[in-house]
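We're numbering straight along the sequence, starting at 1. Atoms within a ligand are numbered from 1 in the order they appear, just like the ligands themselves.
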Amino acid sequence: MRTPFLPFSRPTISEDEIAAVADVLRSGWITTGKKSVEFEEKFAARCRAEAAVALSSATGGMHLLLKALGIGPGDEVITPSMTWVSTINLIKLAGATPVFADVDRDSLMVTAETVESKISACTRLIIPVHFAGAALDLDALNLLAQKYGIALVEDAAHAIGTEYRGEPVGTCGTSVFSFHPIKNITTGEGGMICSDNVELIAHIRRLKFHGLGVDAWDRSQQGRSPQAEVLEPGYKYNLTDICATLGLGQLARLDEFNAARTCLAERYHELLAGIDELSPLRRPEEFGYAMRHAWHLFIVRLDTDRAGMSRDDFMARLKEKNIGTGLHFRAAHTQRYYRESMPGVAGTLPNTEWNSDRILSLPLFPDMTEDDQDDVLTAIKEVLK
Ligand SMILES: *Cc1c(COP(=O)(O)O)cnc(C)c1O
């Protein structure tokens with residue numbers, strides 16, 4: 001059996017990045033400062049975004065967006081149930097109602113059709129998810145949002161480096177990125193909002209730091225004016241320079257990381273071709289529009305009838321063979337709080353539920369070797385035998 005345990009994801013952090021973080025620790029300025037400003041500028045340039053604001057997490061960013069867009073009681077927000085629970089929790093906590101659009105069975109992404117079928121007079125916002133590193137069909141979704149006059153925010157947590165029709169995700173509209181350790185680049189914890197709406201970004205910048213009229217760090221002041229006063233009650237979601245410094249090193253290697261992920265993903269497709277029990281998601285060339293896939297995750301669906309075991313058992317058996325896997329995601333509406341508080345949803349999202357019972361994420365990270373990948377395949381074949 002393979003040793004040691006192969007995790008499904010592991011961050012790739014260089015000695016140079018560690019040294020740069022150590023320099024910040026010695027510098028006398030460790031919270032939000034010039035490194036955070038530089039990270040915002042370089043990330044915005046990379047996404048060709050008008051403006052960007054760095055945050056302590058994508059979840060914090062989504063919280064601020066709901067606040068800035070004035071989402072509250074009586075409002076409906078359309079999003080997939082096949083997403084990370086943070087979005088659904090925040091909609092709930094804002095006093096609004098999450099309304100779930102079903103996903104395409106083979107991309108795990110909502111479509112203009114599934115979203116349109118959920119639009120009502122109360123719909124105020126749509127939050128689709130670029131899933132696993134693939135790009136949403138943004139033209140169709142933006143057209144729909146414009147037609148009904150509804151705001152749209154892209155959950156781009158999986159889409160650092162993803163391109164849609166030749167443009168990076170983040171160039172147009174408003175997107176939220178995550179730098180959690182499993183994401184394509186990491187700051188330990190962190191997030192970024194990119195937008196072509198500079199007033200929205202200015203509002204988010206204020207809300208992320210106590211609602212003060214100034215940022216956490218001002219370039220001209222080399223710090224923050226102690227006289228700054230509250231313009232509206234705000235939160236505390238700024239990114240530290242410790243984190244931003246790691247982010248700068250990671251961002252410089254994004255292309256290298258995503259190239260390594262792409263090689264492994266293509267090799268997975270070849271290696272899995274003969275395994276009838278597992279079906280990958282739709283490949284980037286099968287979408288009908290041009291995209292660059294960031295290969296955040298490599299997801300397969302287990303044919304539970306053919307395999308004669310549940311997805312959870314399959315994951316447990318792989319773990320016994322020292323192969324880690326992930327679950328992205330168990331549909332939000334099947335989790336206890338939402339099952340009990342929204343009982344009417346069960347059974348109404350066939351593609352979401354079908355996938356929720358069958359998906360798992362195979363190991364995929366830039367430092368993974370072909371030998372590691374061969375170990376994954378060996379373990380899969382043994383478990384399915
Ligand atoms: C990781 C993730 C988030 C949350 O990101 P954090 O930075 O951990 O708050 C949101 N949505 C999706 C789809 C994610 O995968």
Side-chain angles (χ1 to χ4, degrees), residues 8-11 36 39-40 43 52-67 77-94 98 100-101 103-104 107-110 125-136 141 152-162 169-170 174-194 204 208 235-240 243-244 246-247 250-251 261 281 293-299 325-333 335 338 352 355-356 359-361 364-365:
F8 102 87
S9 179
R10 190 165 60 207
S36 303
F39 187 43
E40 285 174 350
F43 195 86
V53 51
L55 300 156
S56 53
S57 70
T59 302
M62 195 59 85
H63 188 192
L64 300 182
L65 278 165
L66 294 179
K67 181 77 185 165
V77 181
I78 300 177
T79 192
S81 173
M82 178 54 72
T83 186
W84 180 230
V85 289
S86 60
T87 305
I88 321 300
N89 288 342
L90 290 168
I91 295 167
K92 264 292 197 205
L93 289 167
F100 300 122
V103 293
D104 177 279
S107 74
L108 304 185
M109 295 194 282
V110 297
L125 174 64
I126 304 166
I127 309 176
V129 182
H130 294 282
F131 214 96
L136 285 157
L141 287 164
L152 187 144
V153 166
E154 297 160 43
D155 182 335
H158 298 181
I160 307 170
T162 298
V169 167
T174 300
S175 314
V176 190
F177 296 88
S178 169
F179 309 127
H180 177 276
I182 79 158
K183 303 293 157 69
N184 288 39
I185 64 170
T186 188
T187 59
E189 295 281 0
M192 188 81 76
I193 296 177
C194 289
I204 296 289
K208 76 145 193 208
Y235 302 87
K236 180 90 193 312
Y237 287 143
N238 53 304
L239 186 75
T240 69
C243 295
L246 178 55
Q250 294 267 298
L251 184 61
R261 288 176 174 277
L281 297 179
H293 201 300
W295 290 110
H296 169 56
L297 298 171
F298 194 94
I299 294 175
T325 53
L327 176 45
H328 308 92
F329 300 98
R330 178 173 159 194
H333 75 279
Q335 307 196 26
Y338 293 104
T352 298
N355 277 289
S356 182
I359 47 178
L360 64 145
S361 305
L364 181 64
F365 51 91

Item checked: Numbering as shown, the atoms of ligand 1 that approach Ser57 to under 4.0 Å (heavy-atom distance) -> 7 (O), 9 (O)

Next item on the list: For Thr59, take its heavy atoms, then give the atoms of ligand 1 lying under 4.0 Å from any of them.
Entry: 4 (C), 6 (P), 9 (O)

Check: Checking Thr187 side chain against Ala244 main chain: does a donor-acceptor pair fall under 3.5 Å?
Finding: no

Next item on the list: Give a yes or no answer on whether the side chain of Ser36 reaches the backbone of Leu239 with a donor-acceptor pair at less than 3.5 Å.
Entry: yes

Checklist line | Side chain, backbone, both or neither: Ala58 near ligand 1, heavy atoms under 4.0 Å | finding: both

Item checked: Taking atom 1 (C) of ligand 1 as the reference point, the nearest protein heavy atom with its distance -> Lys183 NZ, 1.5 Å

Notebook entry, point to check: Got the closest protein heavy atom to atom 11 (N) of ligand 1, with its distance?
Noted result: Asp155 OD2, 2.8 Å

Notebook entry, point to check: How about Tyr338 and Phe100: are their ring centres within less than 6.0 Å of each other?
Noted result: no

Check: Considering only the protein, which heavy-atom contact is closest to atom 7 (O) of ligand 1, and what is its distance?
Finding: Ser178 OG, 2.7 Å

Next item on the list: Tell me which part of Phe329 gets within contact of ligand 1: side chain, backbone, both or neither, using heavy atoms under 4.0 Å.
Entry: side chain

Note to self: Just to check, does Ser86 reach to within less than 4.0 Å of ligand 1 when the distance is taken from its heavy atoms?
What the structure shows: yes

Notebook entry, point to check: Donor-acceptor pair, His158 side chain versus Gly133 backbone, under 3.5 Å?
Noted result: no

Check: Is the backbone of Ala294 close enough, under 3.5 Å, to the side chain of Arg261 for a donor and an acceptor to pair up by distance?
Finding: no

Check: Hey, is ligand 1 close enough to His158 that some N/O pair sits below 3.5 Å?
Finding: yes

Checklist line | Polar side-chain atom of Thr186 near backbone of Phe179 as donor-acceptor pair, under 3.5 Å | finding: yes

Notebook entry, point to check: Got a donor-acceptor contact below 3.5 angstrom from the Ser81 side chain to the His333 backbone?
Noted result: yes

Check: Going by heavy atoms, is Gly190 under 4.0 Å from ligand 1?
Finding: yes

